[in-house]
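Take a look at the structure set out below.
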Protein chains: 2
Amino acid sequence: MNPSIRDVAKKANVSISTVSRVFNNPESVNQEMRERVLQVIEELGYAPNPFASGLRDNRSKVIVTMIPDIRNSYYAEMLSGIEEVALSNRYTVIIGNTIQNEERFLEYVKNFVKMKVDGLIFASTEITEFYQKNFEALKIPVILASTEGREWNLPSVRVNDYQASYEATAFLIQNGHQDIGFISGPTHAPIAGRERYEGFLGAMAAHELPTSEQNVVYSEMSFDAGYEAMAKLYAKMPHLTAVYAASDSMAIGAMKFLHEQGLEVPRHVSVMGFDNLEISRMVSPGLTTVAQQIYEIGKTAGTMLFQAIENREEELQSVTIDHEIIVRGTVRNRRLMMDGGDGAFRVFV
Amino acid sequence: MNPSIRDVAKKANVSISTVSRVFNNPESVNQEMRERVLQVIEELGYAPNPFASGLRDNRSKVIVTMIPDIRNSYYAEMLSGIEEVALSNRYTVIIGNTIQNEERFLEYVKNFVKMKVDGLIFASTEITEFYQKNFEALKIPVILASTEGREWNLPSVRVNDYQASYEATAFLIQNGHQDIGFISGPTHAPIAGRERYEGFLGAMAAHELPTSEQNVVYSEMSFDAGYEAMAKLYAKMPHLTAVYAASDSMAIGAMKFLHEQGLEVPRHVSVMGFDNLEISRMVSPGLTTVAQQIYEIGKTAGTMLFQAIENREEELQSVTIDHEIIVRGTVRNRRLMMDGGDGAFRVFV
DNA sequence: TTGTAAGCGTTATCAT
DNA sequence: ATGATAACGCTTACAA
């Protein structure tokens, strides 16, 4: 059996309250006594029993992060960021792998209530009324990471997807591309879907490039779906010179399709992604993409959450994290191109 | 405040012991009464307070999985498997992201002791005496996943790395390759390093193919290190026709290097990996590799752990999980090749 | 500044 | 079959 507070008290010749105070309010106890107690604590290797403290003040020092799938490196990265701040705040983080399934979500929530987790970081699935209701019932602080809940006034940490998507598209245009196809996520996805879609449209319009349903194809945000989407897009736009995909997974699926068609990237078709997953630098050529500071998003969400836990009243503000375009090898500059591969010399406006 | 067992008892007009029994030993309570209590439990939304039960029987229903890095999809996959069994056993799993750092490990362990976690799954770092000592001190069941601790008689779940590596090498040989370079992990890594290295050597020897230090290059098991290793290997063996890397990450790093040198895979050089990470099907061409059933490893480790937790005395046996060679597009068959790319027709023995 | 004692919610032992 | 009660280890009024 582990030593209890009573063992420490006895051995140090003080009352158990004194021992407790040494932990929770050290200043309030006489230096000499404190040192004696600390000494004994050390000797006995005493540590407070978390169940007992939890029972008293109903706090677990545990937070939970809910993500659709751990195997997706986007979330793994975010989790790393959350973990870092958690560890330094002496919190433990547990993971809820929801796989975008409401039933599974409920299963977890039941568990969390039972475990009395102190806070929740919810990542990247659309916030429907269903989720919102459950958050409310949980009665613990909730931070959204890479999702948005403006409708319900939930604090969030995320990238400005519209702006980033606009810039990605503009980058392609500045490189001389006009026939640009867009592989969109599902438009019902509030962030990665809708906003990136509109960012694309916005940039095209701003550069007076016409767009129509011909330019875009909708897809789930996975590698396989990206592959299929590229097939459809290519059928619709055989003349395209560039493809912009709303996620790296899709972009890499698209590259796979192009490769299989004997189309070289970027010689024949340029490709631009979004997310900067680790894999984007592993493929050949490296994928030019929009980098989210995913780790940073996790850290910030964690920090905000702890703040909310410590100080329940204060209203939290949503935060936007910077993004950046990472230029690697999949976008060809058609403007100052000496040799387009077909031997011709061209300068576009 | 949440309803307590007392609230239920009062409302159902029974004693708290009866309510407790309804949870822990339902048969022992009269049907009629049980139903009445269940009814009230439902109405009040009562759930037992985990701190209180924990305080009683010193069990947290929490297990921990320690891995070097969550961002590595190998571990993410394994974790998914562990999670599945945990959820169905009503356990919660928390993650310790050690990043192969002893200090960090200790920080976590301290936390675990405090949290009274019920068991530990330890994945894929060499078991040194340091770890072994700490495991012992923890006094909870420990299962090794994709590592080995024969020296200390710790139960493990893993692939037969020697055998798998032997087969991977043999596959290359059967495809007509003789000048095969091997990118090895660090040989001090007990599994992925040493055994895969020896599997390579074993297969080469069995087919009477000479090997020397010329054939192998040692590397950390990462993408970047694989890239560098390929550069070194190519310098040593410019005539090689195939490269076998002890991990997919390294294999893909190697492919990147080859691509940059203008060497086509598999036309000029064949590549074989190990692990079957998700990324191995994403690259072009898809990587031929050895598949570990990583998810299965996780599930098995979890199952064994729960078994050990429930039944402390029983000795656990180590388990070997099947592996399989996944043929994709990076290995060229040099035996029945009509056109080797150089127009020549060849049949090797 | 220090100590005493009540109470957190549960389970298990013992009576009934 | 059911109920009363002690015990788990800690924190915090309150008393000294």
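Numbers restart at 1 for each chain; the letters A, B, ... are given by sequence-line order, proteins then strands.
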Subject >> Phe51(A) CZ to dG9(D) P, straight-line distance once rounded to whole Å >> reply: 12 Å
Subject >> Short side-chain to backbone donor-acceptor contact, Asn49(B) and Phe51(B), under 3.5 Å >> reply: yes
**OP:** Select one nucleotide: of dC10(D), dT2(D), dG9(C), the one nearest the side-chain heavy atoms of Met33(B).
**Re:** dT2(D)
Subject >> Residue pairs fulfilling salt bridge (charged side-chain N to carboxylate O under 4.0 Å, His left out) with at least one residue in residues 29-51 of chain A, sequence neighbours excluded >> reply: Lys11(A)-Glu43(A)
Original post:
Is it true that a side-chain atom of Gln293(B) and a backbone atom of Asp322(B) form a donor plus acceptor pair closer than 3.5 Å?
Top reply: yes
Subject >> Length of the line joining Leu55(B):CG and dA6(D):P, which is rounded to integer Å >> reply: 17 Å
Original post:
Tell me, which of residues 7-15 of chain B have any heavy atom that sits under 4.0 Å from an atom in DNA chain C?
Top reply: none
Original post:
Between dT10(C) atom C1' and Lys61(B) atom NZ, what is the distance in whole Å?
Top reply: 15 Å
Original post:
Side chain of Thr147(A), backbone of Ala145(A): donor and acceptor closer than 3.5 Å?
Top reply: yes
**OP:** Over 60° means perpendicular and under 30° means parallel, so classify the ring planes of Phe23(A) and Tyr46(A), tilted if in between.
**Re:** perpendicular
Original post:
Listed in order of residue number, which residues of residues 35-45 of chain B have a non-hydrogen atom at under 4.0 Å from DNA chain D?
Top reply: none
**OP:** Determine yes or no for a side-chain-to-main-chain donor-acceptor pair under 3.5 angstrom, with Ser318(B) supplying the side chain and Ser156(B) the backbone.
**Re:** yes
**OP:** Tell me which nucleotide among dC10(D), dT1(C), dT11(C) gets nearest to the side chain of Asn30(A).
**Re:** dT1(C)
**OP:** State, yes or no, whether a side-chain contact exists between Val93(A) and Ile95(B) at a heavy-atom distance under 4.5 Å.
**Re:** no
Original post:
Taking only residues two or more places apart in sequence or in another chain, which ones pass ring pair (Phe, Tyr, Trp, His ring centres under 6.0 Å) with Tyr295(B)?
Top reply: none
**OP:** Rounded off to whole Å, could you give me the CG-to-P distance for the Asn49(B) and dG9(D) pair?
**Re:** 17 Å
Original post:
Can you name the closest pair of heavy atoms from Gly298(B) and Ile82(B) and give their distance?
Top reply: O-CG1, 3.3 Å
Original post:
Rounded to the nearest 0.5 Å, how far apart are CD1 of Ile309(B) and CD1 of Ile140(B)?
Top reply: 7.5 Å
Original post:
Looking at Thr18(A), does any N or O in its side chain come under 4.0 Å of the phosphate oxygens OP1/OP2 on dG3(C)?
Top reply: yes
Subject >> Atom-pair distance (CD1 on Ile5(B); P on dG3(D)), nearest Å >> reply: 12 Å
Sort me out a list of protein N/O and nucleotides 12-16 of chain C N/O pairs below 3.5 Å, or just none if empty.
residue, atom, partner, partner atom, Å
dA12(C), O4', Arg56(B), NH2, 3.0

Original post:
Bend across the helix from dT1(C)-dA16(D) to dT16(C)-dA1(D), to 10°, with axes taken over 5 pairs at each end?
Top reply: 40°
**OP:** Write down the distance between CG (Asn25(A)) and P (dC10(D)), rounded to a whole number of angstrom.
**Re:** 17 Å
**OP:** Check the distance between dT2(D)'s C1' and Glu27(B)'s CD and give it to me in whole angstrom.
**Re:** 16 Å
Subject >> Nucleotide dA1(D), atom C1' - distance to CD of Glu32(B) in whole Å >> reply: 12 Å
Original post:
Would you call the rings of Tyr131(A) and Phe122(A) parallel, tilted or perpendicular, where under 30° means parallel and over 60° means perpendicular?
Top reply: tilted
